[in-house]
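Okay, structure first, notes after.
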Amino acid sequence: MATFTCKVSVTTGDIASAGTNDNVYIPLIGTNDTSDTFTLDNGGQDRVRGATDVYYLTCKKHLGETVLIRLEKSPILAGDDWFCSMVTVEFEEKTYNFPCYRWLKGKECLELREGKGIHSLL
């Protein structure tokens, strides 16, 4: 059975208390199919303020063009919110950007479309 590997980069904002220890999950939604839901965990310190974490996800099916992602945050600690800046998916020499620039609080699910985003903190 053929498998397909995507590189997913997740950037946490560089603002006070932006990081989280909560669990974060992601399925990728493409023009052909939807991936399984993956846990974003490298076994160390993930989602630290100002850092970009890289994950390699192996999909069982060819998804086609990645058009949507779903970030799912599940709390471990009460009040451990997370400020996600950007998610980037690289697959078959193409890069898909999913700007977020917002807080995910408690148990929250957020769908992001591929596109460009500029965020300025005033």
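Please read all numbers here as calculations on a predicted model, not as lab measurements.
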Decide yes or no for [X] and [Y]: does some side-chain heavy atom of the first lie under 4.5 Å from some side-chain heavy atom of the second?
X	Y	answer
Trp82	Val24	yes
Tyr55	Asp46	yes
Ile15	Trp103	yes
Pro27	Phe38	no
Asn32	Lys61	no

Next on the checklist: Less than 4.0 angstrom from a charged side-chain N to a carboxylate O is my criterion; do Glu111 and Arg70 meet it?
Outcome noted: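 Looking at Arg70 together with Glu111, the answer is yes, because their closest N to O distance falls below 4.0 Å.
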Item to check | Polar contact flag, side-chain donor to acceptor under 3.5 angstrom, Thr52-Thr11 | outcome: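 A donor-acceptor contact under 3.5 Å links the two side chains.
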Item to check | Between Tyr96 and Glu65, a side-chain donor and acceptor under 3.5 Å | outcome: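 A pair is found: one side chain offers a donor N or O, the other an acceptor, under 3.5 Å apart.
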Checklist entry - Does Thr12 reach the main-chain N or O of Gly50 with its side chain, forming a donor-acceptor pair under 3.5 Å? => result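 Not at all, since once roles are kept as given, no pair shorter than 3.5 Å links the two residues.
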What is the minimum heavy-atom distance between [X] and [Y], and which atoms define it?
X	Y	answer
Cys6	Leu28	SG-CD1, 3.9 Å
Cys59	Ser35	SG-CB, 3.9 Å
Cys100	Cys84	CB-O, 3.3 Å

